[in-house]
Asks: 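Structure provided below as structure tokens; questions to follow.
Predicted, not measured: the structure shown is a model, and the values here were computed from it. The sequence lines fix the lettering, A, B, ..., with proteins before strands; numbering per chain opens at 1.
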Amino acid sequence: MTNLKNLRGMVDLLPEQSQCWQKVESIALEHFSRAGLKEIRTPIIEQTELFARGIGENTDVVGKEMYNFNDRGGRSCTLRPEGTASVARSIVQHGLLNNGPQRLWYKGPMFRYERPQAGRQRQFHQIGVEFVGLASVMSDAEVISIAWDFLKDVGLNDLTLEINSLGSNEDRSVFKKELQDWLNKRFDLLDEDSQKRINFNPLRILDSKINSTKELLSEAPSLKDFLSNKSKTRFDYLQEMLAKLKIPFRINNNLVRGLDYYSHTAFEITSDQLGSQATVCGGGRYDGLISELGGTQTPSIGWAIGMERLIILAGDKLLQTKSPDVYVIHRGEKAEQLALEITCQLRSSNLTIELDYSGSSFSKQFKRADKSKAKWALVIGEDEASKGHLLMKKLRDKQHDEDSKEYIFSKVDLDQLIKKLID
RNA sequence: GCGGGCGUCGCCAAGUGGUUAAGGCAGCGGCUUGUGGCGCCGCUAUUCGGGGGUUCGAAUCCCCUCGCUCGCCCCA
């Protein structure tokens, strides 16, 4: 038991798991590049103000979950709790929109100081997509379909796409007043959290999980009745397009999402296999964010997928233990050099190869070779070393009857032999 | 921040007050000094997350603490 341990909520990604991650990331990269997206990488640390303004002072994320600290120059810094604000900042700062709309993706660690539980860590990883400078409903549909196709391709089934429209900012502010009035009249019937939220974040009350509040809210004014015709048409059109793309969805009028910057389309992809943290992908339109950060009014939409949750759902579908093609066995001083030389030579021919360093008996080394599930054992002993010969032996898997095949050859024939034996 | 459950070897675990803390997997060594998959034999926790206390005696009881885990809030 070591006394040095990782911090709470910070998780090591062990070799077995990292293979899954690589697989997922490569699938993602393929999807993104086919969709014409480019990657953007932004720093993990930003000015605290970026998130306070971008995400919203009154959100839980900003209010109680951020890792803040002052650097040596006394600047207030924050470990990014999400990716969108940083991407938006970068776009504004570098004037990327002068080159037209930006279709971007990113991935990396995010930090939120919360109590860890299934599907939730303090350092977690998101992979996300942002379409910045595009207003068309088509972009909403395309962005959603990129997420959907990607998740499907990773092998996830039983996913549910929920969508909602939060309307324009104007729609929402009218509704907000109406809702506040309605709620204030019933103040005493609300749970404590909801009472606190009336003034600064009434929309979130709609999302309450408290049963009594839920019941009360069934009578409350609904945002969908406050959508302007334009907003409604927009939402209808999105549904039409999703149907055309054969992406099944469900309308959830209570889907509000916790970050302030969303407007119009909001969506979530959930799974019932994740425990209580059911959301694997969340996103929406954020037409106000870029201007909030000092840019010009720029319509944008994006989403983020939680890698850890995705990996949980993918389960062992992605587990693919790579076994070596060749396991190099050697014994004796002369053999040592030759073994290393050959090992490195084989690597350059694109093979997975493992060199035994134990120096123990051939018997032991063969046992290990077998355990590694290698296809071939390359044997170099004193004899081979002194004669400049190599012995390649086929390792059988579980077939007792088959005779083992051995090939003796000289060093210079190695590449040719390999080509012949391994495909 | 608030609740519930749990912490015995790298992993899975038995043990619930009494002399040396089962077992399995993995690891290492041997049977077999140059040939594997099977088998057999041996080795691997002075110690039960940490710290106090109760007791003649504690992994087992009590207190504190740390950590893990599940849920609430919220989010990916």
Asks: Roughly, in whole Å, what's the span from CD in Q365(A) to C1' in G36(B)?
Replies: 11 Å

Asks: In whole Å, I'd like the distance from the CG atom of L7(A) to the C1' atom of C68(B).
Replies: 14 Å

Asks: Taking only the P atom of each, what is the distance from C2(B) to C28(B) in whole angstrom?
Replies: 47 Å

Asks: Determine which nucleotide pairs with C48(B), using a 3.5 Å limit on both distances of a Watson-Crick or G-U wobble pair.
Replies: none

Asks: What pairs meet the salt bridge (charged side-chain N to carboxylate O under 4.0 Å, His left out) rule with one or both residues in residues 124-148 of chain A, with sequence neighbours excluded?
Replies: D140(A)-R234(A), D140(A)-R285(A)

Asks: Mind checking if E308(A) touches a base, just sugar-phosphate, or nothing, with heavy atoms under 4.0 Å?
Replies: nothing

Asks: Taking all non-hydrogen atoms of both residues, which atom of A304(A) and which atom of Y106(A) are closest, and how far apart?
Replies: CB-OH, 3.7 Å

Asks: Whether K371(A) contacts G27(B) is assessed here as follows: a side-chain N or O lying under 4.0 Å from the phosphate OP1 or OP2. Is that the case?
Replies: yes

Asks: Using whole Å, what does the distance between atom C1' of nucleotide A76(B) and atom CG of L313(A) come to?
Replies: 11 Å

Asks: When you compare the ring of F366(A) with the six-membered ring of G36(B)'s base, are the centres less than 5.5 Å apart and the planes under 30° from each other?
Replies: no

Asks: For S358(A), run the side chain to side chain donor-acceptor pair (under 3.5 Å) check against K364(A), H330(A), R368(A), Q365(A) and tell me which one passes.
Replies: R368(A)

Asks: Say you pick atom P in A13(B) and the same atom in U69(B); how far apart are they, in whole Å?
Replies: 15 Å

Asks: Using whole Å, what does the distance between atom P of nucleotide G27(B) and atom CG of D356(A) come to?
Replies: 12 Å

Asks: For G39(B), which nucleotide is its Watson-Crick or G-U wobble mate, given both distances must be under 3.5 Å?
Replies: C31(B)

Asks: Let me know the distance between CZ of R368(A) and C1' of G27(B), rounded to the nearest Å.
Replies: 10 Å

Asks: Nearest-nucleotide wise, let me know which of M10(A) and G283(A) is further upstream toward the 5' end of RNA chain B.
Replies: M10(A)

Asks: So, using ring pair (Phe, Tyr, Trp, His ring centres under 6.0 Å) as the criterion, who are the partners of Y113(A) when residues are at least two apart?
Replies: Y67(A)

Asks: Under a 3.5 Å limit for both distances, which nucleotide forms a Watson-Crick or G-U wobble pair with U60(B), could you say?
Replies: none

Asks: Report, as a single string ordered 5' to 3', how protein heavy atoms within less than 4.0 Å touch nucleotides 69-74 of chain B: B base, S sugar-phosphate only, - not at all.
Replies: BSBBBB

Asks: Where do D287(A) and H264(A) land on the side-chain hydrogen bond (donor to acceptor under 3.5 Å, both in side chains) test, with the steps shown first?
Replies: CA-CA 8 Å; D287(A) 292 350; H264(A) 289 293; 4.6 Å; no

Asks: Could you tell me the separation between the CG atom of L395(A) and the C1' atom of U35(B), rounded to a whole number of Å?
Replies: 10 Å

Asks: On a heavy-atom basis, which atom in C281(A) and which in A147(A) lie closest, and how many Å separate them?
Replies: SG-CB, 4.1 Å

Asks: According to the Watson-Crick and G-U wobble definitions, with both distances under 3.5 Å, which nucleotide is paired to G23(B)?
Replies: C12(B)

Asks: Would you please confirm or rule out a distance under 4.0 Å between OP1 or OP2 of G34(B) and any side-chain N or O of S361(A)?
Replies: yes

Asks: On RNA chain B, nearest-nucleotide positions of Y262(A) versus I380(A): which is more 5'?
Replies: I380(A)

Asks: Using atom P of each nucleotide, how far apart are C62(B) and U47(B) to the nearest Å?
Replies: 24 Å

Asks: Return the nucleotide paired to G71(B): Watson-Crick means purine N1 to pyrimidine N3 with N6-O4 or O6-N4, wobble means G-U with N1-O2 and O6-N3, both under 3.5 Å.
Replies: C2(B)

Asks: Consider the side chain of R309(A), meaning its heavy atoms from C-beta on, and name the nucleotide among U35(B), G39(B), A76(B) that approaches it most closely.
Replies: A76(B)

Asks: Should the pair K394(A) and W376(A) be classed as cation-pi, given the thresholds of under 6.0 Å to the six-membered ring centre and 45° from the axis?
Replies: yes

Asks: Report the distance from atom OH of Y327(A) to atom P of U35(B), rounded to the nearest whole Å.
Replies: 17 Å

Asks: Minimum heavy-atom separation for S90(A) and I40(A), please, with both atom names.
Replies: OG-CD1, 3.7 Å

Asks: Measuring only the P atom in each nucleotide, how far is A59(B) from U33(B)? A whole number of Å is fine.
Replies: 45 Å

